[in-house]
Structure formats: structure tokens, C-alpha cells
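Just so it is clear, the model here is predicted, and its values are computed rather than measured.
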Number of protein chains: 2
Amino acid sequence: MLQLTKRTEYGLIALTHLALRAGSVTSVREICEHYPVPRRLVAEVLKELCHAQLVESHRGSAGGYSLARAPDAISVGEVVGTLEGHPSLTSCSSMGLYVGHACGVEHVCPIRSPIETLRLELWRMLARTSLRDLAAHPKTVPSAAPALLQQRSARS
Amino acid sequence: MLQLTKRTEYGLIALTHLALRAGSVTSVREICEHYPVPRRLVAEVLKELCHAQLVESHRGSAGGYSLARAPDAISVGEVVGTLEGHPSLTSCSSMGLYVGHACGVEHVCPIRSPIETLRLELWRMLARTSLRDLAAHPKTVPSAAPALLQQRSARS
DNA sequence: TGAAAGCGCACTGAATCAGTGCTGATTCCC
DNA sequence: GGGAATCAGCACTGATTCAGTGCGCTTTCA
């Protein structure tokens, strides 16, 4: 699926919240009081982001998380890469499609190279969007929910 | 996962092959003789693409498939949209995250709007790449396989 | 010392994905 | 007319991934 996982989604929401509170320590509990997200999952995700050194953890009774860097120094691409691996679009490399099985000339993957180009472009797109961009965006009001995003459910 | 499914991959491979044989009718068997792809799955995918009117089917003993339009009039975006729905990146719209559950002001999804921007950009990227672009690309030779695509397997 | 917070491991149910079985319908060629 | 080749349609299975939770431990502060 060409879609982010819930974990990534929660991660981005949490990080955006941390970006708005930049400089201070914010607990998972506080994040979950602001958005309807499952607490344990968000905690799980923040732990991973901590291991990847995108956030810092502060244990103890007044603990929580804070960004490890400035919001504009953390890209969406880093977050996605941490939580679900770098976007690779196809699985050519893992399935060996491009290697072929017999003659080695005719049996090459015809789409690997151009798809690789798309992959790099997507990656650049994610890399140049930072947490600051997410935090700076005006919040979406419920009434603005467009039908655009719902095209997916309309498939076959 | 930010990744195309095998079905889409097979679909793109098959369509690229059809693009190279534009004007003639090509059977699933012939496609599978050129690439190490599971025959039944490719047939399944082509059937879907036929319903979406991206290809035309020709039944009978000398039957097969042919592109319904010129290769440069079929975009990768159309193919992806047909086989796995339009890329939506997040599931905000389906889970109602942006609606919130209580006060209706604080409880809005902070990332929906910027992610929507990314989604549109991704969509445009896929829309402006056509089958002709895929078919025109020089075939990848096995020795050129880069380590780039394998970053994914190195995660966590 | 107790409450609040994060840490770590492991588990479960649901959904999706990849691939296949089987039968029927259509067309061409001998 | 019959057989072979091809697509059409339905449905099923096993594997994988995903979302979410259980449970107990450690750390810090008041």
C-alpha cells in the first residue's frame, strides 16, 4: 500500500506536538489528552524515535519527551525512515526480479530503473518537509474535511 | 508501508511490456516468458486493468491483451490508483482523527493538512510519469544493482 | 516511600497480501 | 465440428504485517 502506517501517523502527530512545545518536556499522557490516539502505541513509537535519536526521553515523575533537535532540523523523511524503513516503492531488490533466472539479458526488470527515479523524488520530497512545516500549518477544522482523501474507499 | 504491492509491480511490468509491443496483442504467457512473474497473478492484475479500461482483452486462441491507449496516455498514477487505490498517505479521513471527540477545537489532527499537501505532490509525480517513460528507460543490468534500495531491510 | 513517568518483552486478533484451484466462456485453426 | 489456447470469474489458503494491549520493571521527584 502506498500509505503511511498508523505508527508513523501517530509519530508525526506526537512530534508535531513536541515541536509546538519545543524546549520543554512533554509526557505521552499530555499528548493523548490533546488527540484521540492510543496511549501505549504512541509511547511505543516515541521509544523508537528515541532510539533513533530524534527525541530525548526524560524518565521519572516529571518526565516525558522532547525533540533532540530544532523542529526544522527534523525531516518527515527521517521519521518515516525510522518508523517504516526508507520508501522503496517496489520490492525488486528483495525479490531479485531484475536479476532474471536464465539468460541474464532478456530477463531484467523493465521498471526498476524508472521506479527508482520516482523513489528518489519521493524521498527528496519527504526530506525537504520538516516538523516545523507540520507545526506551522494551520490546523484543519472538521468542516474542511474534503472528499479527496476518500477516493481510496471507492476502489473496485 | 510506503511501498507498492506486488500486484502493482506486476501490473507495471506487464503494461511496460505491452507498451513495447504497442499495436499488437500479447498473451499473459508471453509476458511470463520474459519475466519471472507468477502467471496467474499477472492474469488477475491484467483483468483488473481491463475493467479499468487501461488495457483491452482479446479472447480466443490467439488472444491476449493490448493497451487501450497510447503508452504516453497512460500514467503510472492511473495504474497505481486502479490497483491499490489513490495514494492517501494517512488514514485520517477514515479514522476521524481530525474530528476529535470532545471540544472540537483543540482536538484536530495537526498533520492532516500538510500531509495532504505531500499526498497531492506524490500524486502529481505519479501522474506525470507515463508508460512510455517506463518503456523508454534503459533496462537495468544485474551488475548495476545498487545498495540504495536495500536500506529498508536494515531498519531497526 | 509512593506516585508518575518511561522501558522492555511478548502476545493477540484483524486485516492485507501473494499465490493458487477450479470451472466456464470465447475464439481460432485444423 | 472438435480441440487447443486464451481470457473470465469465483473462492480459497497460508504467510505476513499491523494495531493495539498485558504485564512487570526501572527511574525520578516530591
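Atom NZ in K47(A) sits roughly 16 Å away from atom P in dG20(D) (whole-Å rounding). Taking atom CD of residue E44(B) and atom P of nucleotide dC22(C), one finds them 16 Å apart after rounding to whole Å. At whole-Å resolution of the value, NZ in K6(A) and P in dT16(C) are 10 Å apart. Rounded to an integer number of Å, the gap from I31(B) CD1 to dT6(D) P is 12 Å. A straight line from CG of L46(A) to P of dA5(C) spans 14 Å, rounded to a whole angstrom. In this structure, CG of L49(B) is placed 14 Å from P of dG9(D), rounded to the nearest angstrom. Whole-Å rounding puts the L83(B) CG to dG19(C) P distance at 14 Å. When the P atom of dC7(D) is taken as reference, atom CZ of R39(B) falls 7 Å away, rounded to whole Å.
Of the candidate nucleotides dC17(C), dG9(D), dT6(D), dC17(C) has the atom nearest to the side chain of T5(B). In this structure, of dC9(C), dA18(C), dG20(D), it is dA18(C) that holds the atom nearest to the side chain of L41(B).
Applying the salt bridge (charged side-chain N to carboxylate O under 4.0 Å, His left out) rule to R29(B) yields the partners E33(B); only residues at least two apart in sequence or on another chain are considered.
A sub-4.0 Å separation between OP1 or OP2 of dG22(D) and a side-chain N or O of R40(A) is absent. Distances shorter than 4.0 Å separate some side-chain N or O of H51(B) from OP1 or OP2 on dG9(D). A close approach under 4.0 Å does occur between a side-chain nitrogen or oxygen of R29(B) and OP1 or OP2 of dT6(D). For the OP1/OP2 pair of dG19(C) and a distance below 4.0 Å, the side-chain nitrogens and oxygens of Y10(B) include at least one atom meeting the criterion.
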Expected list for residues 55-65 of chain A: side-chain donor-acceptor pairs under 3.5 angstrom, two or more places apart:
| from | atom 1 | to | atom 2 | distance (Å) |
| --- | --- | --- | --- | --- |
| H58(A) | NE2 | S66(A) | OG | 2.9 |

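Note: I13(A) CD1 to T8(A) OG1 = 11.0 Å, rounded to the nearest 0.5 Å. Within the model, atoms CG of L20(B) and CG of L134(B) stand 10.0 Å from one another, a figure rounded to the nearest 0.5 Å.
Formation of a donor-acceptor pair under 3.5 Å by the E78(B) side chain with backbone atoms of S75(B) is found in this model. Under a 3.5 Å cut-off, the side chain of E121(B) and the backbone N or O of M125(A) do not form any donor-acceptor pair.
Aromatic ring orientation, Y35(B) versus H17(B): perpendicular (interplanar angle above 60°, classes split at 30° and 60°).
Residues from residues 54-68 of chain B lying near DNA chain C, meaning a heavy-atom separation below 4.0 Å, are R59(B), G60(B), S61(B) in numerical order.
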